Number of protein chains: 2
Amino acid sequence: MSDLDDVIPTGRRAVTRQKILEAAYTLFTAQGVNLVGVDTISARSGVAKMTLYHHFHAKENLVLAYLDLRAKRWTVGWLKAGVKTRGATPRARLLAIFDLLHEWFEDEGFEGCPFLRIICESDVGSPVHKATALKLGQIENFLGQLARSDNLPDPNGLASVWMMLMDGAIMSARAGRKDAALKAKQAAAVLLDAWGRKPAKSGSPAPVKRRAKAAPKRKPSR
Amino acid sequence: MSDLDDVIPTGRRAVTRQKILEAAYTLFTAQGVNLVGVDTISARSGVAKMTLYHHFHAKENLVLAYLDLRAKRWTVGWLKAGVKTRGATPRARLLAIFDLLHEWFEDEGFEGCPFLRIICESDVGSPVHKATALKLGQIENFLGQLARSDNLPDPNGLASVWMMLMDGAIMSARAGRKDAALKAKQAAAVLLDAWGRKPAKSGSPAPVKRRAKAAPKRKPSR
DNA sequence: GCATGATTATACCGATCTGTATAATATTCG
DNA sequence: CGAATATTATACAGATCGGTATAATCATGC
């Protein structure tokens with residue numbers, strides 16, 4: 001628990017590793033982990049491919065390291081930090097999230113969320129999928145903390161809904177709707193205002209009325 | 001405008017084309033359009049690869065045809081039709097969407113939404129990306145019709161928010177949260193109830209308070 | 001029955017992918 | 001200096017990808 005945990009190592013080996021990871025970060029973020037080959041990362045980083053495989057035995061490990069770095073930079077360094085400077089109260093910070101998203105969507109370099117992309121295209125149950133789901137859970141936990149700090153009822157429920165609005169806005173922006181964050185913020189404000197008035201029976205799982213089977217519709221997928 | 005438009009042709013050529021499309025539908029839906037090769041579709045359909053390229057000159061055209069078929073079966077045949085049998089009023093149908101999603105998520109064959117997956121992994125501006133965005137827009141238009149039928153204020157605004165909740169729920173379910181649709185329905189009910197009371201200034205774009213720049217945070221992506 | 005079009009099987013092209021084998025070179029440190 | 005470690009360049013293996021060339025076979029309608 002020393003405070004020297006994240007001291008940046010300056011050894012030759014560590015520097016090389018960082019060069020690889022830095023190139024992977026840029027490429028994976030812009031083009032996705034599946035479309036970027038190891039040779040491309042080797043060329044961009046200026047590190048020989050053999051050295052790359054010396055550090056990370058397989059591409060999968062490089063992807064896992066990328067996920068950690070992405071969470072450190074995006075979730076912590078950008079989202080959490082940005083929200084703190086834009087809102088004084090937890091409630092204001094919850095809403096400020098969508099202002100951040102809006103600026104992100106307007107950025108020319110916006111290419112969607114790598115976490116969501118990986119969730120879509122990686123096999124369920126694979127190490128990469130599991131690790132990515134954890135990173136998304138980390139974000140949702142942060143939302144839950146904000147909701148709890150504001151004494152909102154069912155903070156975890158609000159967090160999961162907030163997460164869906166965020167992810168939905170990101171998908172919508174990726175599909176071309178650059179105003180998605182603004183629309184999401186409108187709805188979020190309305191929802192937040194109403195959330196206290198309707199505890200929504202946080203414990204009971206909201207009865208899904210099951211019909212007495214009308215027409216046995218064919219399943220849409222698979 | 002004859003009502004013989006979707007008569008199923010029985011010619012040899014049309015039957016072969018349908019066999020290809022049927023195999024592509026199953027494979028693309030389960031594994032994604034990028035991971036499924038043309039040889040796999042040829043093998044599964046029992047149609048020679050040369051014949052496949054005789055019908056669809058390139059894989060991209062097969063993907064575009066798949067998108068049309070997916071919209072016909074999922075959006076129209078499953079979502080629209082399912083909602084109609086489960087809700088009498090437009091408002092009930094809007095909420096019933098999440099019951100449908102819940103059943104979908106619980107299906108063992110649930111592999112996420114192909115539309116969202118393609119939006120994530122295809123290049124922005126490519127024909128496939130554009131076509132997929134249109135299919136998502138078709139869904140949002142349907143939501144707007146329901147909202148308008150219920151005399152809700154700013155029906156298009158509600159539709160885009162509804163879409164985000166749906167997409168967010170799908171992403172959450174893909175990440176392992178099988179109860180996503182239930183949580184989304186709770187929030188949707190609260191939101192719908194409050195939507196009328198707060199017209200939310202449908203015209204004005206909800207002022208995004210821009211701060212007097214505190215710390216010039218580095219951009220997170222690219 | 002025969003010509004025409006549809007389908008088949010097979011082999012191949014060039015490109016890309018992850019990962020490895022090998023041997024030479026560069027750096028660091030006792 | 002000399003030895004241990006890190007990095008380099010190159011070539012290659014084995015697989016998969018989208019797409020094509022060729023020539024034979026099948027089915028159908030006049």
Side-chain angles (χ1 to χ4, degrees), chain A residues 8-28 30-67 114 117-118 121-123 126-129 131, chain B residues 8-28 30-67 114 117-118 121-123 126-129 131:
Chain A
I8 299 165
T10 55
R12 185 154 82 118
R13 193 178 164 81
V15 167
T16 302
R17 187 192 148 98
Q18 199 56 29
K19 282 199 287 185
I20 300 168
L21 204 45
E22 209 65 50
Y25 183 84
T26 305
L27 293 165
F28 283 164
Q31 301 171 238
V33 297
N34 284 341
L35 287 186
V36 175
V38 183
D39 297 86
T40 307
I41 297 173
S42 168
R44 172 72 70 97
S45 64
V47 173
K49 185 157 78 158
M50 273 311 299
T51 309
L52 192 153
Y53 273 98
H54 220 217
H55 284 262
F56 310 88
H57 299 348
K59 186 189 177 184
E60 182 173 83
N61 295 323
L62 184 52
V63 173
L64 293 175
Y66 163 74
L67 288 173
R117 180 170 183 157
I118 293 174
E121 65 189 20
S122 67
D123 283 341
S126 69
V128 169
H129 189 97
Chain B
I8 298 166
T10 55
R12 186 154 80 115
R13 192 178 164 82
V15 166
T16 301
R17 187 192 147 97
Q18 198 57 29
K19 281 199 287 184
I20 300 168
L21 204 45
E22 209 63 50
Y25 183 85
T26 305
L27 292 166
F28 283 164
Q31 301 171 236
V33 297
N34 284 341
L35 285 187
V36 176
V38 184
D39 297 86
T40 307
I41 297 172
S42 168
R44 172 72 69 97
S45 64
V47 173
K49 184 157 79 157
M50 273 311 298
T51 308
L52 191 153
Y53 274 98
H54 222 213
H55 284 262
F56 310 88
H57 299 347
K59 187 190 177 184
E60 182 173 84
N61 294 324
L62 184 52
V63 172
L64 293 175
Y66 162 75
L67 287 173
R117 181 171 184 158
I118 292 174
E121 64 187 22
S122 66
D123 283 340
S126 68
V128 169
H129 189 96

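Keep in mind that what you see is a predicted model, and the values were worked out from it rather than measured. Just so it is clear: chains get the letters A, B, ... in the order the sequence lines come, proteins before strands, and each one is counted from 1. Just the heavy atoms: all of them, side chains too, but no hydrogens, waters or symmetry mates, feed the values below.
For the pair Phe56(B)/Leu64(B), no side-chain contact is recorded, criterion being any heavy-atom separation below 4.5 Å from C-beta on. Using a 4.5 Å heavy-atom cutoff, the side chains of Leu67(A) and Ile118(A) are in contact. Residues Val128(A) and Val33(A) are not in side-chain contact: their nearest non-hydrogen atoms beyond the backbone lie 4.5 Å or more apart.
As a whole-Å value, the separation of Met50(A) CE from dA21(C) C1' is 8 Å. Nucleotide dT16(D) holds its P atom 15 Å from the NZ atom of Lys59(B), rounded to whole Å. With rounding to whole Å, His54(B) atom NE2 is found 13 Å from dA21(D) atom C1'. Atom-to-atom, CD of Gln31(B) to C1' of dC17(D) comes out at 15 Å; the value is rounded to the nearest Å. Computed from coordinates, the Phe56(B) CZ to dA6(C) C1' distance equals 15 Å when rounded to whole Å. Lys49(B) has its NZ atom 19 Å from the P atom of dA23(D), to the nearest Å. At whole-Å resolution of the value, CG in Asn34(B) and C1' in dG18(D) are 12 Å apart. The distance between atom OH of Tyr53(B) and atom C1' of dC13(C), rounded to the nearest whole Å, is 13 Å.
With a 6.0 Å radius and a threshold of 12 heavy atoms from other residues, nucleotides or ligands, His55(B) has its NE2 atom above the threshold.
Contacts with DNA chain D (heavy atom under 4.0 Å) in residues 35-46 of chain A: Gly46(A), listed by number.
A donor-acceptor distance shorter than 3.5 angstrom exists from the side chain of Arg117(A) to the backbone of Gln31(A), with no hydrogens or angles considered.
Between Ile20(B) and Ile41(B), the shortest heavy-atom contact is O-CG2, 4.0 Å.
At dT7(D), one or more side-chain N or O atoms of His55(A) fall inside 4.0 Å of OP1 or OP2 (strictly under the cut-off). Distances shown here put every side-chain N or O of Thr51(B) at or beyond 4.0 Å from the OP1 or OP2 atom of dA6(C).
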ask   = So Asn34(A) and Glu121(A), side chain to side chain donor-acceptor pair (under 3.5 Å) or not? Walk me through it.
value = CA-CA 8 Å; Asn34(A) 284 341; Glu121(A) 65 189 20; 3.2 Å; yes
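With dT20(C), dT8(D), dT8(C) as the choices, the nucleotide that has an atom nearest any side-chain atom of Val47(B) turns out to be dT8(C).
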